[in-house]
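Residue numbers begin at 1 in each chain, while the letters A, B, ... track the order of the sequences. Every value quoted in this text rests on a predicted model; they were computed, and no experiment measured them.
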Number of protein chains: 2
Amino acid sequence: MARRSEHSREELHDMALEAAEAILEEEGLDGLSTRKVAARMGYTVGTLYLVFRNLDALILEVNGRTLAELHRVLAASLAASEGEPAGARLKALALAYHDFARRHPARWALMYEHRMSQAALPAWFNLAVHELFALLEDILRPLCGDASAAALAARTLWGSVHGICVLAVTDKLDVAGPLQVEQVFASLIDNFLIGLAADGKGV
Amino acid sequence: MARRSEHSREELHDMALEAAEAILEEEGLDGLSTRKVAARMGYTVGTLYLVFRNLDALILEVNGRTLAELHRVLAASLAASEGEPAGARLKALALAYHDFARRHPARWALMYEHRMSQAALPAWFNLAVHELFALLEDILRPLCGDASAAALAARTLWGSVHGICVLAVTDKLDVAGPLQVEQVFASLIDNFLIGLAADGKGV
DNA sequence: TCCTTTATTGAACGATGTTCAATTAAACGC
DNA sequence: GCGTTTAATTGAACATCGTTCAATAAAGGA
């Protein structure tokens with residue numbers, strides 16, 4: 001077993017997160033346990049509890065890293081569609097989101113399904129969520145009257161895309177395959193953008 | 001403890017489902033356990049396993065009943081808005097869905113978050129999901145060209161409303177209170193319907 | 001080399017889902 | 001009414017879970 005001070009507390013911290021992520025990828029949500037994480041680090045349970053207050057604290061940090069990775073993926077999608085019309089960029093974004101959910105189902109589910117014991121999520125987590133919204137708001141602002149309208153549109157589209165992903169990934173959308181999901185995204189974004197454009201003219 | 005043949009197997013079946021639902025309402029998702037369900041029925045764990053193959057089978061049936069109750073609630077909302085314009089009826093439906101999620105958070109979450117061990121959901125469950133979609137399709141059909149367009153629109157709106165509810169209920173929508181959620185629903189439905197109407201004219 | 005310090009361990013606790021031999025009460029034959 | 005069969009019901013057992021904490025063992029200073 002690991003020898004005294006072979007790793008700093010910070011190293012243990014990162015090793016635990018990486019071990020947890022590996023288990024989630026290989027065995028899914030139910031495979032995650034404190035003993036498995038510790039074993040994968042080359043330590044025993046006790047050591048894990050020196051670094052994290054409990055499993056919830058570890059999961060919260062895993063979720064923070066997943067959130068950051070998701071942000072990178074979506075930002076890359078936006079960078080790749082620079083110059084294209086807003087509708088095409090939003091559809092690419094939705095597909096990138098769906099693709100991330102399919103490629104990392106356990107980590108993605110953990111973000112949304114895990115209920116924290118403590119009532120409120122920490123500020124840094126809400127900030128990371130806010131940064132995801134900001135990506136959408138940047139595209140939507142030119143299409144909306146003011147910033148608050150863009151904020152509302154961003155929350156609407158975000159929630160919608162997320163819901164379609166949830167149902168698609170768990171096979172409750174009653175459609176077959178990613179090809180059909182693409183159609184649902186197109187239906188959402190095309191129609192929503194037509195409505196947004198009409199709002200500007202109508203009022 | 002319960003005496004031999006005091007309850008038929010069918011009675012035990014229903015008692016278990018009612019016990020499980022009561023525990024979910026009172027203690028939430030994490031409160032549910034086989035021993036607690038059995039104790040609430042006035043039996044012990046062993047008896048529960050004579051009626052249900054395992055906890056997953058019990059949860060699946062609880063979810064079936066929740067699905068049926070949700071269908072009743074939404075059908076009632078539709079009946080109450082008979083004659084009103086489609087947009088108003090869809091908004092009322094979305095609010096009824098959100099209200100159900102808020103009033104029964106554990107049973108609602110159990111429907112969407114529980115991963116079945118067996119790969120595929122049984123046919124009767126998918127049929128119940130299908131019946132929920134049918135409610136939406138009935139409103140959308142007059143607004144769409146053909147039935148397949150209505151089916152696509154129904155899936156789009158359903159997923160969208162669901163996603164907004166998920167984020168709102170778990171406080172990840174970054175909005176405060178049900179009043180704001182109502183605005184998000186309105187944004188979704190108003191803009192989507194404008195788009196649908198434009199589709200008919202444009203093509 | 002001994003001693004202090006502390007990183008690390010692993011046994012313990014209560015709870016979980018699940019199984020199944022043992023028990024006990026009802027039902028039936030006489 | 002009594003003995004036997006039948007099956008409904010039990011609860012102890014097992015592996016696993018998150019969590020705690022006294023015991024241990026190794027590093028560094030004297």
Separation of [X] atom [atom1] from [N] atom [atom2], in whole Å?
X: A:H7; N: D:dA26; atom1: NE2; atom2: P; value: 17 Å
X: A:L48; N: D:dT20; atom1: CG; atom2: P; value: 12 Å
X: A:L50; N: D:dT19; atom1: CG; atom2: P; value: 14 Å
X: A:E6; N: C:dT9; atom1: CD; atom2: P; value: 10 Å

Where the side chain of B:R155 meets the backbone of B:A151, is there a donor-acceptor pair that is under 3.5 Å apart?
yes
Looking at B:Q183, is its backbone amide N or carbonyl O close enough to the side chain of B:S187 to form a donor-acceptor pair, meaning the two atoms are under 3.5 Å apart?
no
Inspect the contact between B:E21 and B:R40 and indicate whether a charged nitrogen and a carboxylate oxygen are less than 4.0 angstrom apart.
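Not counted as a salt bridge, because no side-chain N and carboxylate O are separated by less than 4.0 Å.
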Check this for me: does any side-chain nitrogen of one of A:R107 and A:E69 sit under 4.0 Å from a carboxylate oxygen of the other?
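Looking at A:R107 and A:E69, the cut-off is met.
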Has A:T47 got a side-chain N or O lying under 4.0 Å from the OP1 or OP2 atom of C:dA7?
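Negative; the distance criterion is not met.
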So which protein nitrogen or oxygen atoms get under 3.5 Å of nucleotides 16-19 of chain C's nitrogens or oxygens?
residue	atom	partner	partner atom	Å
C:dT16	OP1	B:S33	OG	3.4
C:dG17	OP1	B:T34	N	3.4
C:dG17	OP2	B:T34	N	3.0
C:dG17	OP2	B:T34	OG1	2.9
C:dG17	N7	B:R35	NH1	2.7
C:dG17	O6	B:R35	NH2	2.9
C:dT18	OP2	B:Y49	OH	2.7
C:dT18	OP2	B:L55	N	2.8
C:dT18	O5'	B:Y49	OH	3.3
C:dT18	O4	B:R35	NH2	3.1

Can you tell me if CG on B:D30 sees more than 12 non-hydrogen neighbours from other groups inside 6.0 Å?
no
Contact between B:Q180 and A:L152 at the side-chain level, heavy atoms closer than 4.5 Å - yes or no?
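Not touching, per the 4.5 Å side-chain cut-off.
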